[in-house]
Amino acid sequence: MLYIGIDLGTSAVKLLLMNSEGRIEKIVSREYSLYFPQSGWSEQEPEDWFRETMAGIRELTAECDKNQVAGISFGGQMHGLVALDADDNVIRPAILWNDGRTGKETDYLNEVIGKEKLAEYTANIAFAGFTAPKLLWMKANEPDNFARISKIMLPKDYLAYRLSGAFCTDVSDASGMLLMDVKNRCWSEQMMNICGITEDQLPKLHESYEVVGTLRPEIAGELGLPESVKVIAGAGDNAAAAVGTGTVGDGMCNISLGTSGTIFISSNKFLADSNYALHSFAHADGHYHLMGCMLSAASCNKWWNEEILKTMDYSAEQKGITDEKLGENHVFFLPYLMGERSPHNDPDVRAMFMGMSMDTTREDMTQAVLEGVAFGLRDSLEVARSLGICPERTKICGGGAKSPLWRKMIANIMNMKVEVIESEEGPALGGAMLAAVGCGEYPDVETVAAKIVKVVDTVEPDPELAAKYESKYQQYRAIYPAIKNLY
């Protein structure tokens, strides 16, 4: 049988076709627009997602036996607010995960409701990108639109609704809404009251591998697929990427270098960070995970190359960064192009270069961007280490993971073994694997991960270089406290 994984990203939807043995048959990617109507705002049109997903499925399955397609599932950008009215019309453009407009609402939740109460209700505190602050912003600034809300969805769940008619979400994605009691895997009555919504407006909660429906007849006809194709709940992009890298079970770690950057540590037990710097979420394997998320990761490198250097040849820019330069750079880059989430929770801070002199080169600046992202991820790792969680190795995925130089930097800045897997397809592969579990091809997520995910290389930290980067990291971590009040 064949399984489709759909990764609904911020810049494109990536679709993957996988067979029963885990072999990837085909991959398709289709881009759509991202809108910034005001500084710090970030929006997309849900109809763009659906249109490009439908076109992508047709392209993906054009040459296969469509009767072999058994299931479809998802990994999706988290936290976005998709609001539908009673007639299923999208009320306004989706407000995305990297949108920073909710500073006032986030402060209200953290300071008036209180972080301790929020952690009691949801296991997390409020961050500007979460869904609950967006609802409060909409209530205060667009009351007519707020009054029209009939259904509240996350981005990937809009696709599931359009494909199957199922008004649903999964526990991993819902964990990032600040509306769910993560420990007990149910909606929080207190948070619904705070936001002025009812449970009828929220989707039904599922585990990530559960079947939520089958294709609508008209959708199946348009795609040329059987109506029996099952739609499986799917997961938030980071949990889906963790499945796709085999980061399931207890004590496993994954670093993702996508538009955003994450460090993801899976656990069979519910864990919470008493300092509120890491997110405590449900995992797609039926258990839990801790996660630190930085808002700009590979997108920093994209910005530096395309907007500043005016080049698309990323590898050429990295070619001059030779081994003897690692750990010796005097230029630092703070990767806060969209503000920052973990561990600072500061939507107002912005990126900066520091330490430049007359002999600073183009390569130094490029190196600083790559190192700054790795340092930013280490900030979250240090929080986990303070909780006694000390993983010795990590998988790596995302577009940035294709850079051998970046992988080497991360291994030495983190002082961890970095495992490269055979397929770095992240959330799309994780979605296909969840579809295979949902259709009964595999009994559980751990089994499908053990079967499909293969490590092909391990980057070992070099003690001498790790020591150099330890010194550089201590300099880096002193910069944010020194400049945060400037913003």
Side-chain angles (χ1 to χ4, degrees), residues 36 38-42 79 96-119 124-130 132-134 136-137 140-141 178 260-263 273-279 292-297 299-300 303-304 307-308 329-357 360 364-365 368-386 413 469-487:
F36 305 102
Q38 294 187 36
S39 176
W41 290 25
S42 181
H79 315 301
L96 302 190
W97 60 274
N98 56 353
D99 187 286
R101 77 185 68 184
T102 63
K104 181 179 177 181
E105 291 74 22
T106 302
D107 288 345
Y108 165 76
L109 288 168
N110 286 330
E111 296 171 12
V112 178
I113 301 299
K115 293 179 179 180
E116 289 186 5
K117 284 294 183 184
L118 294 178
N124 296 280
I125 63 169
F127 289 79
F130 281 9
K134 295 181 173 77
L136 291 177
W137 180 91
N141 295 276
L178 202 71
S260 62
T262 60
I263 182 162
D273 170 21
S274 59
N275 295 314
Y276 316 122
L278 299 182
H279 307 322
C293 177
M294 58 189 302
L295 293 180
S296 303
S299 53
C300 290
W303 163 81
W304 173 245
E307 299 298 326
I308 307 303
N329 198 6
H330 296 294
V331 181
F332 291 91
F333 174 72
L334 268 62
Y336 308 142
L337 292 172
M338 294 290 293
E340 190 53 297
R341 188 184 297 176
S342 303
H344 303 310
N345 192 15
D346 187 347
D348 298 320
V349 71
R350 287 295 178 264
M352 65 178 291
F353 284 99
M354 181 176 175
M356 294 168 295
S357 59
T360 294
D364 293 338
M365 305 281 280
V369 170
L370 302 178
E371 289 171 339
V373 171
F375 288 144
L377 286 167
R378 178 161 167 189
D379 280 343
S380 289
L381 178 62
E382 287 304 304
V383 177
R385 286 171 171 165
S386 74
I413 287 171
Y469 269 128
E470 178 65 29
S471 176
K472 292 295 180 183
Y473 173 66
Q474 296 306 326
Q475 289 179 266
Y476 168 88
R477 72 185 306 184
I479 300 173
Y480 171 76
I483 60 93
K484 65 179 181 179
N485 291 330
L486 297 176
Y487 297 92

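FYI, side chains are in, hydrogens and waters are out, and symmetry mates aren't considered; it's all heavy atoms of this structure.
- For H79, the ring pair (Phe, Tyr, Trp, His ring centres under 6.0 Å) partners two or more places apart in sequence, or in a different chain, are F130.
- Under the rule for a side-chain hydrogen bond (donor to acceptor under 3.5 Å, both in side chains), S39 has no partner lying at least two apart in sequence or in another chain.
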Show which side-chain atoms of residues 344-354 pair as donor or acceptor with protein atoms under 3.5 Å away, not counting sequence neighbours.
from	atom 1	to	atom 2	distance (Å)
H344	NE2	Y336	OH	3.3
N345	ND2	A126	O	3.2
D346	OD1	D348	N	3.1
D346	OD1	V349	N	3.2
D346	OD2	Y480	OH	2.7
R350	NH1	P347	O	3.0

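- With sequence neighbours left out, N98 forms a side-chain hydrogen bond (donor to acceptor under 3.5 Å, both in side chains) with S42.
- W137 is linked by a side-chain hydrogen bond (donor to acceptor under 3.5 Å, both in side chains) to nothing, counting only residues two or more places apart in sequence or in another chain.
- Within 6.0 Å of atom CD in Q475, more than 12 heavy atoms from other residues, nucleotides or ligands are found, so the atom counts as buried in its surroundings.
- With sequence neighbours left out, T106 forms a side-chain hydrogen bond (donor to acceptor under 3.5 Å, both in side chains) with T102.
- With a 6.0 Å radius and a threshold of 12 heavy atoms from other residues, nucleotides or ligands, K472 has its NZ atom above the threshold.
- Among residues two or more places apart in sequence or in another chain, the salt bridge (Lys or Arg N to Asp or Glu O under 4.0 Å) test is passed with R378 by E382, E470.
- Partners of S380 under the side chain to side chain contact (heavy atoms under 4.5 Å, CB included) rule, at least two apart in sequence or in another chain, are I263, L278, S342, P343.
- For E111, the side chain to side chain contact (heavy atoms under 4.5 Å, CB included) partners are D107, not counting sequence neighbours.
- Take D273 and apply the salt bridge (Lys or Arg N to Asp or Glu O under 4.0 Å) test, not counting sequence neighbours, and it matches no residue.
- In this view, S299 and T259, S296 satisfy the side chain to side chain contact (heavy atoms under 4.5 Å, CB included) rule, not counting sequence neighbours.
- K104 meets the salt bridge (Lys or Arg N to Asp or Glu O under 4.0 Å) test with no other residue; sequence neighbours excluded.
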